[in-house]
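Worth saying up front: this structure is predicted, and the values here are computed from it rather than measured. Reckoned from all heavy atoms, side chains included, excluding hydrogens, waters and symmetry mates.
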Amino acid sequence: MKIKKEITLSYLESLYEELENSEKDSVDIIIPFNGLRERNFSSLPSFVQFYSTWLRSDKKRFLILDAENEDLEDENYTASVYSFITTCLYWDSDIKDIEGNSIKKTIIKRLNAKFNKKQRNILTNKGAELLLACFDFDKNLENRGLLNAMYDHNGNLKDDDYFRYNLVPEIINEIGKKFSMHLIKGAFRPDDIKNIGQVLYELFKNTHEWGRKKEDGIGLLVPNIRAIYCVLHRSTQKNFLSYADTKGLSGYLSNDLFKPNSTNEIYFLEISVFDSGIGFIRGTLGNEYIKNGIGIEKQVAVVKECLTKYFTTDNSLRATHKGKGLDRVLQALNKKGFLRIRTENVCLYRDLIKDDYSKIDFNNIDLFDWKLESNTKFTTFPRTEGATLSLIYPINSAYNE
């Protein structure tokens, strides 16, 4: 399977069917070394979910990186986010270029070391994009592959105060240095930073609790990725809408909240937290799901339960606001944000402008099907590994001048 250079969410969903319907016993994945061009929000984590699904399928064969005309020997060349993630997850096997040459030890190891050094120091490798990725790939060393940005030296996840007062300001500062410090400083006020810190803490805490273990809750799931991805999207509203391939997302991006600046551009920050773990459904239902299979309505119910206030598995005394779970995410996005969830056979969203926090009934949270836009009828999407929660946090256009 050769992955197209330009990717959208609908294209990525079509890859699952292509993999499933392939008559070949084994399938290669061919990826452009210098990365893919994202035409939707949530494209990177959605691609990683598909890639992880391929990686754990019976049809997996070779990862092939197409360098095209890139000079990989150039000392200034840096691996793309895509090549870094895919090769790290594939590290137990050989990695080849398009001519069939092994490049893992000669090229990939060097370029990935450069990329890893940058992400460990919270530095981006290009413009308005930042990745913080933890890899679980050693059964005997549970703390190996963890980033100091999220974990202390004992492998414990740092608390929510650290995320709000240290991590998020540093993330915003780095994006500002690489993109536009004037824009970033003007757009994010103290309450915004606090809200984003709450969002990142709650979402990443979920990957810490759900994303590392196998279905039995004991063994480490390897190879595995758990990551925070932030990217500043900047384009015309018309261009964003042309790639928004669902009415739910189009409706959100058409909102008057997005007021174009003098160059007719709008801005928003995408925050995605994703993993290639067992996801909400298997994490909650365990052997029941594995043995019996669960219908889409039950899967949606589980996701809703995970969004319900006070639902959490965190027993840590370190959590300053223990027990509120992803409810805090919905509060932080209230009247301005957009949330998309993809896990197992489920793809759901909520527009927190159209359906704000005041409308939430915690006995039955309304989440909407990505295709049908219904809160009562749901599509059974192709099964995927892991969980991705992506949100849009708009940047006030008044500061975009």
Parallel, tilted or perpendicular: ring planes of F338 versus Y252, cut at 30 and 60 degrees: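 Taking Y252 first and then F338, their aromatic rings sit tilted (interplane angle of 30° to 60°).
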Whether Y90 and W54 hold their rings parallel, tilted or perpendicular, with breakpoints at 30° and 60°: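 Ring orientation of Y90 relative to W54: parallel.
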Does the ring of [Y] carry [X] above it, NZ/CZ under 6.0 angstrom from centre and within 45° of its axis?
X: K158; Y: Y201; result: no
X: R342; Y: F47; result: no
X: K371; Y: F381; result: yes

Checking [Y] against [X]: is there a side-chain donor and acceptor pair closer than 3.5 Å?
X: N112; Y: N116; result: no
X: E170; Y: Y165; result: no
X: N34; Y: K5; result: yes
X: D369; Y: S374; result: no

Partner set under salt bridge (Lys or Arg N to Asp or Glu O under 4.0 Å) for D366, not counting sequence neighbours: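 Applying salt bridge (Lys or Arg N to Asp or Glu O under 4.0 Å) to D366 gives none.
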Rounded to the nearest 0.5 Å, how far apart are [atom1] of [X] and [atom2] of [Y]?
X: L200; Y: C230; atom1: CG; atom2: SG; result: 5.5 Å
X: R350; Y: L367; atom1: CZ; atom2: CG; result: 7.0 Å
X: H153; Y: N148; atom1: NE2; atom2: CG; result: 10.5 Å

Minimum heavy-atom distance K304-N375, with the two atoms named: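 Reported closest heavy-atom pair: NZ-O, 4.4 Å.
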Y393 and F268: CA distance, side-chain angles, deciding distance, ring pair (Phe, Tyr, Trp, His ring centres under 6.0 Å) verdict: CA-CA 6 Å; Y393 203 97; F268 66 81; over 10 Å; no
E344 with K298: basic N within carboxylate O range, under 4.0 Å: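 No.
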Y243 vs Y11, ring pair (Phe, Tyr, Trp, His ring centres under 6.0 Å): CA-CA, chis, key distance, verdict: CA-CA 11 Å; Y243 292 105; Y11 168 66; over 10 Å; no
